[in-house]
Amino acid sequence: MDMFDRTRRLIGAEALERLRKARVIIFGLGGVGGSAAEALVRAGVGRLTFVDADCVDATNLNRQIVATQDTVGMPKAEAMRARALAIFPEAQIEAVRAFYDAHTADRFDLRAYDYVADAIDSVSAKLLLIERATAAGTPIISAMGAGNKLDPSRFRVADIYATSICPLARVMRRELKKRGIARLKTVYSDEEPLPPQDGERSPASISFVPPAAGLVLAGAIVRDLIGAAAP
């Protein structure tokens, strides 16, 4: 038996081979993106690019799978690559330390990928990435807000125009409509955001919510790559 024995038993050898040959790029390796990245590695996706400009910080330890006491201070992309290769050494994994914006977008030929995962926090960067992926004809899935939430069971996959409650999704619907983008696969939560207990404006988070969104996101990508119908 090998590390993918149980996966093969679930989806079959042909689908597992499609995952091994698939090329996926993940933008943002925080609480959502990091867990999505690891889930894709463990599912058998064989060619991955990790993109993040940040370094692991002590405040990441409560929710980000890439964050350990040993990785604090390391670039997230490099730390995620090392973690992924420790799981699946045969994978081809590129780490890019960059923030996706108008200055860096041309570095990434999105046509070269089978799927784009958007786990970026910045609205302007998300919009640019979605525009570029749409123009390239490459499937993209975009994570909406995971902060200020407490119920991991409320995440679901839906088109952006079918979302509700999520403040980020509301902004994205408006901006995508202005840009003429008629559809976008998303992961969003219909849980009402909770007010942070200390009154801070930055989003609050807990260990089990952003990773749940990342797992839902990875699951949607895998099902699309192997042509499986969503339940």
From CA spacing to verdict: side chain to side chain contact (heavy atoms under 4.5 Å, CB included), Leu48, Arg81: CA-CA 9 Å; Leu48 291 150; Arg81 180 178 185 275; over 6 Å; no

Audit row: Arg63, Ser207, side-chain hydrogen bond (donor to acceptor under 3.5 Å, both in side chains) steps and yes/no: CA-CA 4 Å; Arg63 69 198 183 283; Ser207 60; over 6 Å; no

Evaluation steps, side chain to side chain contact (heavy atoms under 4.5 Å, CB included), between Val187 and Arg156: CA-CA 6 Å; Val187 173; Arg156 61 205 65 212; over 6 Å; no

Verdict with supporting geometry, Lys126 and Leu168, side chain to side chain contact (heavy atoms under 4.5 Å, CB included): CA-CA 11 Å; Lys126 292 177 88 68; Leu168 176 57; 4.2 Å; yes

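Inter-residue side-chain proximity for Met172 and Val123 is flagged as met; some heavy-atom pair is nearer than 4.5 Å. Looking at heavy atoms from C-beta onward, Glu191 lies out of side-chain contact with Phe155 at the 4.5 angstrom threshold. Counting heavy atoms from C-beta on, the side chains of Tyr100 and Phe108 come closer than 4.5 Å.
Of the possible donor and acceptor atoms, one in the side chain of Asp52 sits under 3.5 Å from a partner among the backbone N and O of Leu29. Side-chain N or O atoms of Asp101 include one that pairs as donor or acceptor with a backbone N or O of Thr104 at under 3.5 Å.
Residues Leu129 and Ile26 do not share a hydrophobic cluster, clusters being chains of Ile/Leu/Val/Met/Phe/Trp/Tyr side chains in contact below 4.5 Å. There is a path of hydrophobic side-chain contacts, each under 4.5 Å, that joins Val216 to Ile226.
Side-chain contact of Thr68 with Asp70: a donor-acceptor pair under 3.5 Å is absent, judged by distance alone. Between the side chains of Thr138 and Arg111, no donor-acceptor pair is found at a separation under 3.5 Å. For the 3.5 Å distance criterion, the side chains of Tyr113 and Thr49 qualify, holding a donor opposite an acceptor.
Separation of atoms SG (Cys166) and CD1 (Ile160) is listed at 7.5 Å; rounding is to 0.5 Å. The CZ atom of Arg6 sits 15.0 Å away from atom CD1 of Ile11, with the distance rounded to the nearest 0.5 Å. Separation of atoms OG1 (Thr186) and CD1 (Ile140) is listed at 11.5 Å; rounding is to 0.5 Å. To the nearest 0.5 Å, atoms OG (Ser142) and CG (Leu127) are separated by 8.5 Å. Gln92 CD to Lys21 NZ: the interatomic distance, rounded to the nearest 0.5 Å, is 12.5 Å. The OH atom of Tyr188 sits 9.5 Å away from the NZ atom of Lys149 when rounded to the nearest 0.5 Å.
With salt bridges taken as basic N to acidic carboxylate O contacts below 4.0 Å, one links Arg132 and Asp106. For Arg23 and Asp114, the salt-bridge test fails: no basic side-chain N is under 4.0 Å from an acidic carboxylate O. With respect to the salt-bridge test (charged N to carboxylate O, under 4.0 angstrom), the residues Lys185 and Asp159 do not qualify.
Around atom CZ of Arg179, more than 12 heavy atoms belonging to other residues, nucleotides or ligands sit under 6.0 Å away.
For Phe50 and Phe27, the gap between ring centers reaches or exceeds 6.0 Å.
Judged as a side-chain contact (heavy atoms from CB on, under 4.5 Å), and not counting sequence neighbours, the contacts of Pro75 are Cys55, Glu78, Arg97.
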